[in-house]
Amino acid sequence: QVQLVESGGGLVQAGDSLTLSCVASGRPFAGYAMGWFRQAPGKEREFVTAISWDPLQTYYADSVKGRFTISRHNVKNTVYLQMNSLKPDDTAVYYCATSPKFTAVATLYDYWGQGTQVTVSS
């Protein structure tokens, strides 16, 4: 059974940095793309960033481009999300997910973590 476990969320101030981690188990990590999504209260889940399995390709939502960096360590079965210059609008539950395809489309991700809360105060 595939499991994704996120960690690293918390309460920070605007302008601070935070790094999220997601450890995967249950199938070969290196063969799948990984993505991060987020959901703020009262809003739909939205794409944040994705990384291909190799990891030669990355893709970012415009709202986080230049501030967030996705990376992965295929030996440690872990994907990371480095978040810099955080804003109150970044407040959300952050989810990692895995997909056979490198994509920003949530419905193409077949396994999801339970989420980790990130709160950015002004």
Side-chain angles (χ1 to χ4, degrees):
Q1 182 178 356
V2 178
Q3 287 191 320
L4 303 175
V5 180
E6 302 100 333
S7 63
L11 172 63
V12 296
Q13 293 186 332
D16 285 352
S17 298
L18 203 58
T19 300
L20 306 183
S21 301
C22 172
V23 179
S25 61
R27 73 181 179 189
F29 180 75
Y32 295 85
M34 298 296 297
W36 286 95
F37 293 77
R38 66 187 182 185
Q39 187 166 19
K43 295 186 177 181
E44 294 186 353
R45 188 172 299 189
E46 66 172 357
F47 170 78
V48 176
T49 180
I51 188 167
S52 59
W53 71 271
D54 26 30
L56 299 180
Q57 300 177 79
T58 57
Y59 182 61
Y60 295 90
D62 288 342
S63 59
V64 306
K65 201 173 295 182
R67 300 188 298 122
F68 290 12
T69 302
I70 189 172
S71 62
R72 65 189 294 164
H73 195 303
N74 285 346
V75 174
K76 294 183 178 180
N77 291 354
T78 303
V79 61
Y80 304 95
L81 181 62
Q82 173 69 42
M83 304 184 292
N84 298 328
S85 302
L86 282 162
K87 305 175 182 179
D89 283 350
D90 296 318
T91 295
V93 177
Y94 283 72
Y95 300 89
C96 70
T98 180
S99 171
K101 294 182 178 294
F102 173 61
T103 179
V105 178
T107 54
L108 296 180
Y109 284 79
D110 49 3
Y111 292 96
W112 294 76
Q114 81 290 347
T116 186
Q117 176 71 47
V118 173
T119 303
V120 184
S121 64
S122 57

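Note that this is a predicted model, so its numbers are computed, not measured.
- Ile70 contributes atom CD1, which lies 12.5 Å from atom CD of Gln82 (distance to the nearest 0.5 angstrom).
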Please output the side-chain donor-acceptor pairs of residues 46-56 that fall under 3.5 Å, not counting sequence neighbours, one pair per line with the distance.
{"from": "Glu46", "atom 1": "OE2", "to": "Arg38", "atom 2": "NE", "distance (Å)": "2.6"}
{"from": "Glu46", "atom 1": "OE2", "to": "Arg38", "atom 2": "NH2", "distance (Å)": "3.1"}
{"from": "Thr49", "atom 1": "OG1", "to": "Tyr59", "atom 2": "O", "distance (Å)": "2.9"}
{"from": "Ser52", "atom 1": "OG", "to": "Asp54", "atom 2": "OD1", "distance (Å)": "2.5"}
{"from": "Ser52", "atom 1": "OG", "to": "Leu56", "atom 2": "N", "distance (Å)": "3.2"}
{"from": "Ser52", "atom 1": "OG", "to": "Gln57", "atom 2": "N", "distance (Å)": "2.9"}
{"from": "Ser52", "atom 1": "OG", "to": "Gln57", "atom 2": "O", "distance (Å)": "3.4"}
{"from": "Asp54", "atom 1": "OD1", "to": "Leu56", "atom 2": "N", "distance (Å)": "2.7"}

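- Listed by first then second residue, pairs satisfying ring pair (Phe, Tyr, Trp, His ring centres under 6.0 Å) with a partner in residues 100-122 read Phe37-Tyr109, Phe37-Trp112, not counting sequence neighbours.
- Between Val12 and Ser17, the shortest heavy-atom distance links the atoms CG1-O, 4.5 Å.
- Annotation: the span from Tyr94 atom OH to Gln117 atom CD amounts to 9.5 Å, rounded to 0.5 Å.
- For the pair Ser122 and Pro88, the tightest heavy-atom approach, listed with the atom from each and the gap, is CB-CG, 3.8 Å.
- At a threshold of 4.5 Å between non-hydrogen side-chain atoms, the residues Val75 and Phe29 do not count as touching.
- Shown here is Lys65, whose NZ atom has more than 12 heavy atoms of other residues, nucleotides or ligands within 6.0 Å.
- Judged by distance alone, the side chain of Thr103 and the main-chain N or O of Lys101 form no donor-acceptor pair under 3.5 Å.
- Separating the OG1 atom in Thr58 from the CZ atom in Arg72 is a distance of 12.0 Å, to the nearest 0.5 Å.
- Taking a cutoff of 4.0 Å between a charged side-chain nitrogen and a carboxylate oxygen, Lys87 and Asp90 do not qualify as a salt bridge.
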Inset, instruction - Would you please test Leu4 and Tyr95 for side chain to side chain contact (heavy atoms under 4.5 Å, CB included) and show each step? - result: CA-CA 9 Å; Leu4 303 175; Tyr95 300 89; over 6 Å; no
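- For the pair Ser99/Tyr32, no side-chain contact is recorded, criterion being any heavy-atom separation below 4.5 Å from C-beta on.
- Proximity of Trp36 to Glu6: side-chain heavy atoms (C-beta onward) are separated by under 4.5 Å at one or more points.
- Note on Leu81: it does not cluster hydrophobically with Val93, by side-chain heavy-atom contacts below 4.5 Å among ILVMFWY residues.
- Here the closest non-hydrogen pair linking Ser85 and Arg67 is O-NH1, 3.0 Å.
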Legend entry - Worked check of side chain to side chain contact (heavy atoms under 4.5 Å, CB included) between Val120 and Met83: CA-CA 11 Å; Val120 184; Met83 304 184 292; over 6 Å; no
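- Separation of atoms CG (Leu11) and OG1 (Thr91) is listed at 8.5 Å; rounding is to 0.5 Å.
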